[in-house]
Structure formats: structure tokens, C-alpha cells
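Each residue takes its place number in the sequence, starting with 1. For clarity, every value in this text was computed on a predicted model and none was experimentally measured.
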Amino acid sequence: MTPSGKEVTEVEARRAPVESIAADDEPLELARYGRALKRNWLLILAIVVPLTALVLVFSLLIPKSYRATARLVLAQNAGAFPSSDVETRQLATLQTLVTTRSVLATAASKLRGESVTTLERNVKASVDPNANILDISATNRVPHGAATTANAVAETFLAQQRDVAQNQLALDRANVVRMLRRLRGTPANVAELRALQARLSEIGVEQASATSDLQLAEPAIPPASPFSPRPIRNAVFAFFAATFLAVLAALARENLVRRPAGPRELSRLLQVPILSSIPSARATRGRPLRRARGSELEAYDALTAALEFQLGNVAHDSLLVASAVPGEGASEVTARLGEALAEAGRSTLLVDANLRRPKLHEFFDLPTAPGFLDLLGAAQAPSDTGALAAAADRILAESRVADRLSVIPIGDASSRRLRRLGRDGAEASAVLREVSQRGYDYVLVDGPPLLGMVEAQILAQLVDAVLVVARIDHLTVDNVHDLRDALDRSEIDTVGVVAVGVQSTSFPYYLDSRDRTLALEDSPRAGR
């Protein structure tokens, strides 16, 4: 039963929000942020290097300071049952008392050039509760001065603690003597008198050897290395901090540049259908891989099917593969698409016409000459009408790299007079017409970027259609609008867009483990 118009409208209304959400909810791709950082490497370098160098130079220029530490230990009373909470509070009290003005004033009177103010700034006390240890640290620009200051403060504090103990014993003695006098004037218990007399004797013994529970465990010694500055440590910390700030600045800069959110938005802005989405191009040590695997292989197979569907039964002999701006991977798409067409049984010829940055020969380990520029030179010879055909026969005979796949590299790029494809592109037109008549199903021309390159505009007028290569995270929205204007202005027939650098959403179940390797052993060039 055919649905009515009202039912179709309701179905579309229910489906629209889902499609809108799918278009906006792009999968998160960490590689996209990596490429964003790669594009902004100069900004990152301009932030990290100066900040790190500035911190290093500043650390080297500021005066050195040394720190020495005197260590005091809190002895436990064997006659009591110690409590960790009581000891912790006692250590905290002692830590506070070390840096009181009375202690620092007495220590400053024993030190030359020191005052209470300087000692308050340079003397610190810390506690290690796990070991009942109190550390007194002093900082000075001279190693011996740091040790002398720490020992002076420690000795002053210990002397004050001994005075406190003596005063406490004297107060206890006075109290015991007062109680004895009162008991002697009245009938008293003999046992109580004996206890007070024994206590009086103990106080006398304690006064003779009066010491506090705090003792000097380790005096301070002059340090061998400065405490600050530490240039290497400071430079390392500055490097990581500057790197963090530089990454934030680079990502913020990327967010200020409007880029297409995904292939759907790119297709909408460019008004050209997306034929296929290719995962990020891979490379090893700066050289492109010669194999396509997994989702990348499936993407190029899908591109082959979509391209044949778009072209239909119309005779499209030549196809220009070009990007909007440099660095979008047009050369790799040309090479991989040629391999896919050849594997699908289509006789394919690849022509490298990127005069400024030829790359096609690198994918097939070919010499750069003879090639396209040599054919242009033969086409410019007006006296010899058969020169172009003879040159095409010679170059095409050596161009086969695999079954049904041939490649014409750039040629002798030293000839500067050939840089602009002739005055009106007549020579380039003759070359493309000559090679297209050799029975190839597809002639793929790897061209320069379409924006700002005269050669690209000439080549686009000489081929039957243009296949646009666009890297999603490389193009800006302004680039897309400029490309649309250029296509409309030159009336270029665009067959579709290949989106490069898109995160693969294919399931591994549908991907076979095969890869596409050039059968160079079957080509005439294999023995060379």
C-alpha cells in the first residue's frame, strides 16, 4: 500500500531531528587534535622555547642560597606511658616556639650581621612526627653562614628549654619546702614528711643535672651544593608548564578558525556530493605507505563504485584529482584510486601534472623522468608533428607498474619554460588528448591546488571532470566558499568530493584482512 502525502510528511518530520542530531554529533577523533597541534607547531615553539630559556637564564643569574639543617630529637620519658597525640601536640608546640622573637633575638645577638627580621625570613622549623624529630633549617648565601645560623638557633632554643626546666624545678622545690615548714609546726604523719623529704632530694638531683626532653641529635654542617636556584629543575618545570600553555593556546587558536564540522557540512557548503570518506593518510618515516588496508581499502573501493555510478555511461576519459589548498592528500588519493580502479578491472593511467610539488612517483618508487613535462616539450615542437606520438609511445611503454595500471611521472622539472603548461594550455591539451586515445578506461591527472594556482585552472578546463579532495580538519569555511566561487566562475564540471582524514566508523566484521600491494614483480620495471 502506497503511503499518502500526509503520512510521508509525518515520517519525514519524525526522521528530521534524528538526522540533524547525527549530523551535529561527530565522533571524537584524537588524531584531529594532533593534526591541529601539528599545524600550530610554530606557535607552540614560539611559546615553549622563550619561556624555558627565560626561566633558565633567570635561574642562572639570581644569587645562590644555601640551606643547612640542625636536627633535634624529643626523648621519651621512660617512666611514663607515651601517647602519640600528646607527643604530636608537644612537637607542634616546640615547632612554634623555635621561631619566637625571644629565641631569634638571643640567636641574632650571637651572629654577625643578623637581626630578628632576617632570621624570621631565613629560619624555618619543621616536624617529622613519625620520628619525633624537629628540624631547624637556615638559609644563607654562604654555606658556612647557613650552618652557623642553624646551630646558633638550635643551641639558643635548647638553652632556653633548659632554663625553663630549671625554673620549673626551682618552683617545685619552693613548694615542697613550704609544705615541710607547715607540717613541722603541727602534728604530722611521719610517712608524709618522709615523702616530702624524698621529693626534695629528687629535686636537688634533677637541678644538678637539669636537662629538657629535647636534645641535639645532629648539628648543621655547611652544604656542598646550593639549595636554590636549581636551573635544570626550574627549566624542566618551565618546559612542561610552557608546553601546557602552548597547547591550550594552539587549541584556542584552532577554535577561532571556523572549519566544516564534517563531510555533510562540507557537501552542503560546496554543493557537491561526497563520494567517499577516506581515513587519515598514513606514512612511515616521511614516506607514504604503498599499501591500503582495512577501512582505508574499503573506502577506496567505495570511491571506485561511486565514481563509476556518477559518471554513468558517458565517456569520461580524463579526470583531474585536485584539492583546494596544499597538503590535503590529492596525490595519495590519485595513487590509491588508480590502484582500486585497476583492481576492479579498469585500465587506468595516472599522470602527474603537479608542476610545483610532484609526489606521484614516490608512491610507486619511480624516477621522475621521463614524464609529463617531456611530453609537453614534444608537443611544443612545431616542426615535428609526430614528436608527441613518438614520445608518448616511448614513455607509455615504460609506465606500466601493475596489471592495468600505468603511471607517467612529472618528468624533467628543470625546464623552467614549461612551468605554465604553455600560454593557453594547448600543449597540455594535446598531451592529454594523445594519452587518452591509447585505450585507457580512466586517465587520472594529479594536479596542483585549485585555489590560487594558474596551472590548476588550465588543467580543469582540459579534462572531462574534476574530483575534489578535501581534508576536513585542514580546510576552513572560507576556503570552501572560495573553492565554490572558483568552480562556478570557471564553470568546472565537478563529479564529487573525497573527504580525507575522516574517522572510520566501519565495523571490523565487514573488513577483510587483505591489502592492496602493487605487483611490481609483474611489471617491466620490476627488473630494474
Side-chain angles (χ1 to χ4, degrees), residues 274-284 287-322 329-352 359-366 396-409 435-436 438-446 463-465 467-469 495-500 502 504 506-527:
I274 300 292
L275 299 186
S276 181
S277 296
I278 309 297
S280 301
R282 301 160 298 169
T284 302
R287 299 193 62 186
L289 292 177
R290 300 180 60 204
R291 297 182 180 183
R293 298 186 181 93
S295 60
E296 186 181 1
L297 177 62
E298 296 291 335
Y300 280 108
D301 289 340
L303 175 60
T304 300
L307 185 63
E308 293 186 341
F309 178 80
Q310 287 292 113
L311 297 179
N313 296 325
V314 181
H316 285 265
D317 295 327
S318 57
L319 188 69
L320 175 65
V321 182
S331 298
E332 177 157 354
V333 171
T334 305
R336 303 298 183 224
L337 178 58
E339 295 174 4
L341 289 171
E343 190 177 79
R346 303 293 186 265
S347 178
T348 306
L349 174 65
L350 308 183
V351 180
D352 194 345
K359 293 289 184 181
L360 205 56
H361 62 279
E362 296 180 0
F363 292 90
F364 302 95
D365 288 338
L366 299 176
L396 289 175
E398 300 180 359
S399 65
R400 182 172 175 268
V401 296
D403 189 23
R404 300 187 182 89
L405 180 62
S406 300
V407 178
I408 297 179
V435 297
S436 298
R438 300 306 176 100
Y440 293 101
D441 296 327
Y442 289 94
V443 176
L444 303 183
V445 181
D446 179 24
V463 296
D464 298 304
L467 178 64
V468 178
V469 177
V495 67
V497 177
V498 179
V500 180
V502 179
S504 175
S506 301
F507 295 100
Y509 179 82
Y510 297 101
L511 302 177
D512 57 25
S513 59
R514 63 195 176 97
D515 55 19
R516 181 179 293 122
T517 307
L518 294 179
L520 296 179
E521 64 276 10
D522 297 333
S523 66
R525 199 176 299 275

Go through Val498 and Val321 one step at a time and tell me if the side-chain contact (heavy atoms from CB on, under 4.5 Å) criterion holds. CA-CA 10 Å; Val498 179; Val321 182; over 6 Å; no
Might you work through the side-chain contact (heavy atoms from CB on, under 4.5 Å) test for Arg438 and Leu396, ending with a clear yes or no? CA-CA 9 Å; Arg438 300 306 176 100; Leu396 289 175; 3.6 Å; yes
Under the side-chain contact (heavy atoms from CB on, under 4.5 Å) rule, what do Leu350 and Phe364 come out as? Steps first, then yes or no, please. CA-CA 11 Å; Leu350 308 183; Phe364 302 95; 3.8 Å; yes
Before giving the answer on side-chain contact (heavy atoms from CB on, under 4.5 Å), spell out for Ile278 and Val469 the whole-Å C-alpha distance, their side-chain angles and the decisive distance to 0.1 Å. CA-CA 10 Å; Ile278 309 297; Val469 177; over 6 Å; no
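Between the side chain of Ser318 and the backbone N or O of Asp464, at least one donor-acceptor pair lies under 3.5 Å. A donor-acceptor contact shorter than 3.5 Å links the side chain of Ser276 to the backbone of Ala299. At least one donor-acceptor pair under 3.5 Å links the side chain of Asp352 to the backbone N or O of Leu360.
Distance check, rounded to the nearest 0.5 Å: OG of Ser436 to CG of Leu349 gives 8.0 Å. To the nearest 0.5 Å, atom CD of residue Gln310 and atom CG of residue Leu467 are 10.0 Å apart. Separation of atoms CG (Asp301) and CD (Glu343) is listed at 6.5 Å; rounding is to 0.5 Å. Put simply, CG on Leu307 and CG on Leu444 are 7.5 Å apart, with the number rounded to the nearest 0.5 Å.
For the residue pair Ile408 and Ser399, the shortest heavy atom distance occurs at CG1-CB, 4.4 Å. When all heavy atoms of Tyr442 and Glu308 are compared, the pair lying nearest together is OH-CG, 3.2 Å. Residue Ser406 comes nearest to Arg400 through the heavy atom pair OG-CA, 3.7 Å, listed as atom of the first residue, atom of the second, then distance. Pairing each heavy atom of Ala344 with each of Thr304, the nearest pair is CB-CG2, 4.3 Å. Here the closest non-hydrogen pair linking Ala340 and Tyr300 is CB-O, 3.9 Å.
With contacts defined as side-chain heavy-atom distances shorter than 4.5 Å, the pair Val407/His361 does not qualify.
Checked options Asp441, Thr348, Leu303; the residue passing with Leu341 is Thr348 (criterion: side chain to side chain contact (heavy atoms under 4.5 Å, CB included)).
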